[in-house]
Amino acid sequence: QVQLEESGPGLMQPSETLSLTCTVSGFSLTSNGVGWVRQPLGKGLVWMGTIWAGGSTNYNSAVQSRLSISRDTSKSQVFLKMNSLQPEDTGTYYCARHPDFAYWGQGTLVTVSS
Amino acid sequence: DIVMTQAPLSVSVTPGESASISCRSSKSLLHSNGITYVYWYLQKPGKSPQLLIYRMSNLASGVPDRFSGSGSETDFTLKISRVEAEDVGIYYCGQLLEMNTFGAGTKLELK
């Protein structure tokens, strides 16, 4: 069955670089795109970016200058890297599978605080 | 960027009654292939979002047929018939035509 699982450091300091991993199973990253969605605490969903089956990427213009999404197809992993973290980057980060964001991971909470 | 505007922000429903949530996009979500790329997701308390309706009117796998989606190119409606306790949560519309954006969410609670 299709599964996605996010992992990451939990607590980050301002100005640091965030690295998150989405490990998938039940499908191939060369067949389905994967997107990242952030949810600030108590707030709504914000799409961050997507890496498509062919390897191309799209980013939310609000974070494009700080964000990079990549993958290792042999390990079935998608990576999110975002630099210059600020407290407003705090939230739960989800990865979700295309098409349609039909499958979501359980999310990983990232707190940016000094 | 395409803006998705939901209404109302919250709705209180008596179990067994129906509920409707509206969503409006700032741009047509109808692709030249005839598909309208609007989606509905439900986030139950403490859980990840789950897909309810895809491409405006298609019921996602495992979703009760009490849920239905309809609309035009820019105005969309999610209808829930016979609301049950398990339907409590926040409902988001979203578009996947140009990148992705989500509405602010509509919180459904029971009376």
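Proteins come first, then strands; the chains are lettered A, B, ... in the order of their sequence lines, and each starts at number 1.
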Trainee: Can you see which heavy atom on B:Gln43 is nearest to which on A:Tyr94, and at what distance?
Mentor: NE2-OH, 3.2 Å

Trainee: Just verifying a value: how many Å separate A:Gln39 CD and B:Phe102 CZ, rounded to the nearest 0.5 Å?
Mentor: 10.0 Å

Trainee: Determine the option with the most heavy-atom pairs under 4.5 angstrom with chain A, choosing from B:Ser48, B:Ala60, B:Gly105, B:Pro49.
Mentor: B:Pro49

Trainee: Is it possible for you to say whether B:Leu96 and B:Ile35 belong to one hydrophobic cluster, with membership spreading through side-chain heavy-atom contacts below 4.5 Å?
Mentor: yes

Trainee: Starting from B:Leu110, can I reach B:Ile21 by hopping between I/L/V/M/F/W/Y residues whose side chains sit under 4.5 Å apart?
Mentor: yes

Trainee: Surrounding CZ of B:Arg24 (heavy atoms of other residues, nucleotides or ligands, distance under 6.0 Å), is the total greater than 12?
Mentor: no

Trainee: Hydrophobic cluster membership, with links at side-chain heavy-atom distances under 4.5 Å among I/L/V/M/F/W/Y: are A:Ile51 and A:Val37 in one?
Mentor: no

Trainee: Find the distance between CG (B:Asn100) and CH2 (A:Trp36) and round it off to the nearest 0.5 Å.
Mentor: 14.5 Å

Trainee: Same cluster for A:Trp47 and A:Tyr93 if Ile/Leu/Val/Met/Phe/Trp/Tyr side chains link at under 4.5 Å?
Mentor: no

Trainee: Taking side chain as everything from C-beta outward and backbone as N, CA, C, O, which of these in B:Tyr37 sits under 4.5 Å from a heavy atom of chain A? Side chain, backbone, both or neither.
Mentor: neither

Trainee: Mind ranking A:Asn60, A:Asn58, A:Thr92 by heavy-atom pairs under 4.5 Å with chain B and telling me who comes out on top?
Mentor: A:Asn58

Trainee: Just verifying a value: how many Å separate B:Met99 CE and A:Thr50 OG1, rounded to the nearest 0.5 Å?
Mentor: 9.0 Å

Trainee: State whether the number of non-hydrogen atoms from other residues, nucleotides or ligands found under 6.0 Å of B:Asp1 atom CG is greater than 12.
Mentor: no

Trainee: Taking all atoms of both residues into account, what is the closest heavy-atom pair of B:Leu51 and A:Asp100, and its distance?
Mentor: CD1-O, 3.9 Å

Trainee: Would B:Val63 and B:Val88 show up in the same hydrophobic cluster when neighbours are defined by side-chain heavy atoms closer than 4.5 Å?
Mentor: yes

Trainee: Measure distances from A:Phe101 to the heavy atoms of chain B and classify the residue's part below 4.5 Å as side chain, backbone, both or neither.
Mentor: both

